[in-house]
Amino acid sequence: MAQPQEAPGPAPRDTGVNFFRPRPGFMRKKVMYTWLLLLSWAIFTFGFQFVLALQDEGSGGLLTETVILGFPFHYWFTGQFLIVWFILLCFLFNTFVDRLTKIYQKRK
Amino acid sequence: MTAEGFKLFPALLLLAVLGILILTGLASRTSKGEYYLGSARSVGRMGIGAAIASNWMSAASFLGIAGVFYLKGYFALAYVIGWTGGYVLLLILLAGQIRRFGKYTAPEFVDARYESPVARVLSAVIAILISLIYCVAQYKGIGLVFSWMFGLDYTPALFFGSAVVISYLVLSGTLGLSKNQQLQYALLILCFIVPLMAIARKLGYFWLIPQLGYGVALRDLTSVAGGSGYGAPFAFATPFQWIALCFTLMVGTAGLPHVLARFYTAPNIRDARWSVVWGLFFIGLLYWSAPAYGTFAKLREFQGGIPSDPAAARAVADLIVIKAGEWAGIPLWLTGVIAVGAIIAAFSTVSGLLVTGASAFSYDIYYRLINPRASERKRMAVAKGATLVLALLVVIGAINPPGLIAEITALAFALAGNTLFPVFLLGIWWDRTNKYGAVAGMALGLCITFASLLFGGIFPWLHAVVPPTSSALVGAPLVIGMMIVVSLLTPPPPEKIRRFLSEEVHAP
């Protein structure tokens, strides 16, 4: 671990770390990407189950009747596609961060 | 569990595989010596990914998920998604920053971030509890598979299995074996997928990619089962239960950042990040396959008229990957391959967990709290003693396992999600979090996790709101709220840790 540096005085508040108020520049951009990915992570995982639960009321809707690759659509989506989606999200995150790091390390 | 007689071939296979692991461990020790960690670069991103996956695979993945599918169909996918989606959360929110922070086990992180003996001891106790609970699930798997393989009753098989685990641990410890995790991953995934291909082929489904081939079997199952719908959503659990479990496992995974151990030791952070993509793919290979075992087993059960009253089904559920092979009629040696894979997965998880738990005790509790003047040797002795004590406690806990393998494991994840996840998340992303908040949060998280187990009898609503396996959907936000309120009411943390966070941890 790099040792915490001795602080001469209180840090100016714009250097604070807060997920909801990221400071401008690298951190703000990174947090923006993080929000985007978190949203698509949550919508695809929980949002889909929510929609599924709503349509389940009327037993046998489009999501459960459609067949894809041999599976009922809802099952294929959750059991197989979501894992692919997660891998893709990690891939996107890495691409974003690689690009950001390149930009901001050059400026240093 | 009734004993069925000794199975020679699977037992010999187990002996052979353990022998191979020990021999390759010896070989890599002599050729690379102590520079083993430094050679991480040579294995590349894919190799680190395989190491992450082999670290992760346990009896819960190998035996547990298929068992839950066998009982509850679609509900099992909450485990599949929870244990893969958690990696996304870990990667995008925490892993990179934790690596920069330089402390990645809970007690170390809490110690450096919050600088409070109480918080450190609390987090060490939680880490030990998680190890214990997680281990009980692994031991249940070991006991069941040993009882199948050697024709013993469950309890003697459990004792025999734990004796083998401990001897294996001691042997690899004294020989200084280094684990070849890439080899181990290859072994595990072959042990899981090859028998599945054989089962799919035997039953007449598309067997080259059984992960896709079982879709037709799933629809056949729905028609045979006559509407009880194993593939149907929410037939066995409400949407709330599904989402609560899934969310709990996700934040639990993110609250155990050392599952990415190799992420922090890889020389280059960029390689480390990309290796997670590979790791997730390798883990996916197992999780795409696990429900297929459950599907084939259930299908055979309906077709063959194998009796299944609920109690018998629950008793057999955690062995269902093996039963699927038997019921489909694949050769015994192939069924033995599955069993050996399960044991190897459980063994490596157990050894990792016992070492984590014991080092939390010997360093964070014994050395930092009880006897700060203890020598290195003394601490090693305490760690070894603690390993044995923990192993004993786990055996006692596993004699009457409190639930399915996957359920017991989920309790460990719920604990991590309710306590360690908020501590890491706020510790990294909000510099105002202080030690009072951390202590209050972890205490509340402990209470929430065990609330329904301890007080469910008096307050039945606790079972519905914070069920033991899925308490973090309600618990984690409550704990985070508690930490924020307490932190705001108490003095801010020292300026130097806030500067460290902003200048080092969150730097480009």
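Every value quoted in this text rests on a predicted model; they were computed, and no experiment measured them. Chain A is the first sequence line, chain B the second, and so forth, proteins listed ahead of strands; every chain is numbered from 1.
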Gap separating the [atom1] atom of [X] from the [atom2] atom of [Y], nearest 0.5 angstrom:
| X | Y | atom1 | atom2 | result |
| --- | --- | --- | --- | --- |
| I193(B) | I209(B) | CD1 | CD1 | 10.5 Å |
| T105(B) | E108(B) | OG1 | CD | 3.5 Å |
| I81(B) | F44(A) | CD1 | CZ | 12.5 Å |

[X] (side chain) donor-acceptor with [Y] (main chain) under 3.5 angstrom:
| X | Y | value |
| --- | --- | --- |
| T238(B) | F234(B) | no |
| T295(B) | L218(B) | no |
| R273(B) | C90(A) | no |

- Relative to the ring of H506(B), is the ring of W429(B) parallel (under 30°), tilted (30 to 60°) or perpendicular (over 60°)? tilted
- Between F75(B) and Y79(B), how do the two ring planes meet: parallel, tilted or perpendicular, split at 30° and 60°? perpendicular
Side chain, backbone, both or neither: which part of [X] has a heavy atom under 4.5 Å from chain B?
| X | answer |
| --- | --- |
| F86(A) | both |
| L38(A) | both |
| V31(A) | side chain |
| F46(A) | both |
| L89(A) | side chain |

Considering only heavy atoms and a distance below 4.5 Å, find which of [options] pairs most often with chain A.
| options | answer |
| --- | --- |
| W274(B), Y87(B), Y287(B), F206(B) | W274(B) |
| F247(B), F281(B), W278(B), Y74(B) | Y74(B) |
| L93(B), L425(B), I283(B) | L93(B) |

- Among F77(A), W76(A), W41(A), whose ring pair (Phe, Tyr, Trp, His ring centres under 6.0 Å) with F48(A) holds? F77(A)
So what's closer than 4.5 Å to chain A heavy atoms on [X]: side chain, backbone, both or neither?
| X | answer |
| --- | --- |
| W430(B) | both |
| R270(B) | side chain |
| Y214(B) | both |
| L212(B) | both |
| I428(B) | backbone |
| V88(B) | both |
| Y205(B) | neither |
| Q97(B) | side chain |

- Please tell me if the side chains of W35(A) and K30(A) come closer than 4.5 Å, counting only heavy atoms from C-beta onward. no
- Item | K435(B) to Y114(B) six-membered ring, cation-pi geometry met (6.0 Å, 45°) | no
- Task: Determine, stepwise, if the pair T66(A) / H74(A) fulfils side-chain contact (heavy atoms from CB on, under 4.5 Å).
- Result: CA-CA 8 Å; T66(A) 315; H74(A) 73 282; over 6 Å; no
Just give me the residue among [options] that pairs up with chain B most often, heavy atom to heavy atom, under 4.5 Å.
| options | answer |
| --- | --- |
| T101(A), T34(A), L100(A) | T34(A) |
| N94(A), I83(A), V97(A) | N94(A) |
| L69(A), L82(A), V84(A), T78(A) | T78(A) |

